[in-house]
Amino acid sequence: MVVLTTKEYAALVAARRQAGGLAARLRVVGDTLRGTIDFLSALIAALESEAAGGSGGRSCATGQPLPALLASAPAFLRHPSGIVGGPRTPPSR
């Protein structure tokens, strides 16, 4: 048995709540990273296919043509920055 003061118990509950929130955020970041990896893999496959004169620039993974992948790239790659946050700015001196 462990005896905690009210203040210690409140601090423990707050720390658990914070850890739970961080775990949820990490799950979202992981899912977003996996989606980004899949997208970039499809883009690489389409570019390689285009360079080899293969399937007309279609990605083997998604079957999407290269122009469609390139058109969706800006919106897709902007999405993770909304989840993870913007770029870090250096501290002002």
Side-chain angles (χ1 to χ4, degrees):
M1 180 186 278
V2 177
V3 178
L4 300 173
T5 66
T6 305
K7 187 175 183 178
E8 291 170 330
Y9 180 75
L12 180 63
V13 169
R16 281 194 60 157
R17 194 175 305 122
Q18 212 173 25
L22 288 174
R25 185 177 175 119
L26 280 175
R27 277 191 297 276
V28 170
V29 168
D31 291 345
T32 302
L33 181 59
R34 279 186 285 282
T36 303
I37 289 169
D38 292 344
F39 174 77
L40 292 175
S41 295
L43 186 58
I44 289 168
L47 288 169
E48 287 173 344
S49 176
E50 175 100 354
S55 60
R58 287 192 179 273
S59 162
C60 300
T62 64
Q64 292 182 333
L66 182 59
L69 285 169
L70 291 174
S72 66
F76 188 83
L77 295 174
R78 244 188 313 264
H79 175 70
S81 66
I83 293 170
V84 178
R88 292 189 177 187
T89 57
S92 58
R93 293 182 184 203

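No experiment lies behind these values; they were computed from the predicted model shown.
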| query | Are any non-hydrogen side-chain atoms of Val13 and Tyr9 less than 4.5 angstrom apart? | reply | yes
| task | Could you check if a side-chain atom of Leu12 sits within less than 4.5 angstrom of a side-chain atom of Glu8, using non-hydrogen atoms only? | result |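 No, side chains not in contact.
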| query | Looking at Leu69 and Ala46, what are the two nearest heavy atoms and their distance? | reply | CD1-CB, 3.7 Å
| request: For residues Phe39 and Ala73, report the shortest heavy-atom separation together with the two atoms involved. | output: CZ-CA, 3.6 Å
| query | Residues in side chain to side chain contact (heavy atoms under 4.5 Å, CB included) with Leu22, at least two apart? | reply | none
| same_hphob_cluster(Leu70, Ile44) at 4.5 Å side-chain heavy-atom cutoff | no
| said: If the condition is salt bridge (Lys or Arg N to Asp or Glu O under 4.0 Å), which residues does Arg27 pass it with, not counting sequence neighbours? | reply: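 Once residues adjacent in sequence are excluded, Arg27 has no partner under the salt bridge (Lys or Arg N to Asp or Glu O under 4.0 Å) criterion.
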| task | With rounding to the nearest 0.5 Å, note down the distance linking CG in Asp38 to CG in Leu33. | result | 9.5 Å
